[in-house]
Amino acid sequence: MAFSKFVTFLVIFISTVAIASAGNFYQDFDITWGDGRAKILNSGQLLTLSLDKSSGSGFQSKNEYLFGKIDMQLKLVPGNSAGTVTAYYLSSKGGAWDEIDFEFLGNLSGDPYILHTNVFSQGKGDREQQIYLWFDPTADFHTYSILWNPQRIVFSVDGTPIREFKNIESSGVPFPKNQPMRIYSSLWNADDWATRGGLVKTDWSKAPFTASYRHFNANACIVSSGISSCDSAQSNKNDWFSEELDSTSYERLKWVQKNYMIYNYCSDNKRFPQGLPQECRMT
Ligand SMILES: *[C@@H]1O[C@H](CO)[C@@H](O)[C@H](O)[C@H]1NC(C)=O
């Protein structure tokens, strides 16, 4: 009967859409190192990385992306996480690579994590910013997002923008826009620099340290054999492809920079005695 066929179609259609948008770690990622320390759980809905004295662990996306809006929820190593670093980033390959980085630097129980960000274009980084978060990132999952379109890269936390890197190629600053990137994440020991500049060491009696991931969602152009999924006529690039920050978002970005920023390379005159990098002089 036509109606029941329609209902069956609808049920199949809705469940397919739901699966596609929920993301599945088995489908989207490969565990790349850590000898069993990285695990995909709950039928692909949860991924955990762990670190102990012998090794950390990591994963990477199966797909390569060229532009997108990519969300991931992370719950960071709780308790005494001093010395640990959880890195979550996009990167291309080769000597002139592009990279968009989130790095979470652990701390002693009750002391704040640092969220460190950086942008590399054509192998050049040196664009570090650091902030504290306005919540405890170990108590629950929070959403860390990257909007990457031809005009800008925006880092957001729970929908609040924390950083914008604009395309100002016309002023001679290279912008990541030609090299597809994979998503990578790893949990590792960096107690030579991570916590209070290396003063606080990892307490291995608290190992294993564990960070958790869920709700991956990518509205993105997938590149395979040099062809972007966004090139085909039917695929309408969504709003994100031309998304910009509205005035409310700029207010929130300013709020973060005013209240939570610890370090901004653009204010580090000592580091750049010959003058601040070009992109810092444009805003
Ligand atoms: C750890 O806590 C100390 C003391 O509050 C603080 O100075 C530091 O910025 C925090 N974060 C890291 C990663 O060191």
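All values below come from the heavy atoms of this structure, side chains included, with hydrogens, waters and symmetry mates left out. Order of listing sets the numbers, starting from 1, for every ligand and every atom in it. Predicted model, so just to flag it, every value in this text is computed and none were measured.
- Not counting sequence neighbours, the partners of W134 by the ring pair (Phe, Tyr, Trp, His ring centres under 6.0 Å) test are W255, Y260.
- Evaluation of the side-chain contact (heavy atoms from CB on, under 4.5 Å) rule for S228 yields C221, V223, C230, D231 as partners, not counting sequence neighbours.
- Note that R152 lies outside the cation-pi zone of F165, set by a 6.0 Å cut-off to the ring centre and a 45° limit from the axis.
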Would you be so kind as to tabulate the donor-acceptor pairs closer than 3.5 Å made by side chains of residues 79-89, with sequence neighbours excluded?
residue : atom : partner : partner atom : Å
N80     : OD1  : A82     : N            : 3.1
S81     : OG   : N107    : N            : 2.9
S81     : OG   : N107    : O            : 3.1
S81     : OG   : Y113    : OH           : 3.2
T84     : OG1  : S81     : O            : 2.8

Name each N or O atom in ligand 1 that is under 3.5 Å from a protein N or O, and give the partner atom and the distance.
residue  : atom   : partner : partner atom : Å
ligand 1 : 2 (O)  : N107    : OD1          : 3.4
ligand 1 : 2 (O)  : N107    : ND2          : 2.5
ligand 1 : 9 (O)  : Y132    : OH           : 2.7
ligand 1 : 11 (N) : N107    : ND2          : 2.6
ligand 1 : 11 (N) : P112    : O            : 3.0
ligand 1 : 14 (O) : R196    : N            : 2.7

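- Follow the hydrophobic side-chain contacts under 4.5 Å out from F25 and you reach I222 in the same cluster.
- A side-chain donor-acceptor contact under 3.5 Å links T32 to the backbone of G58.
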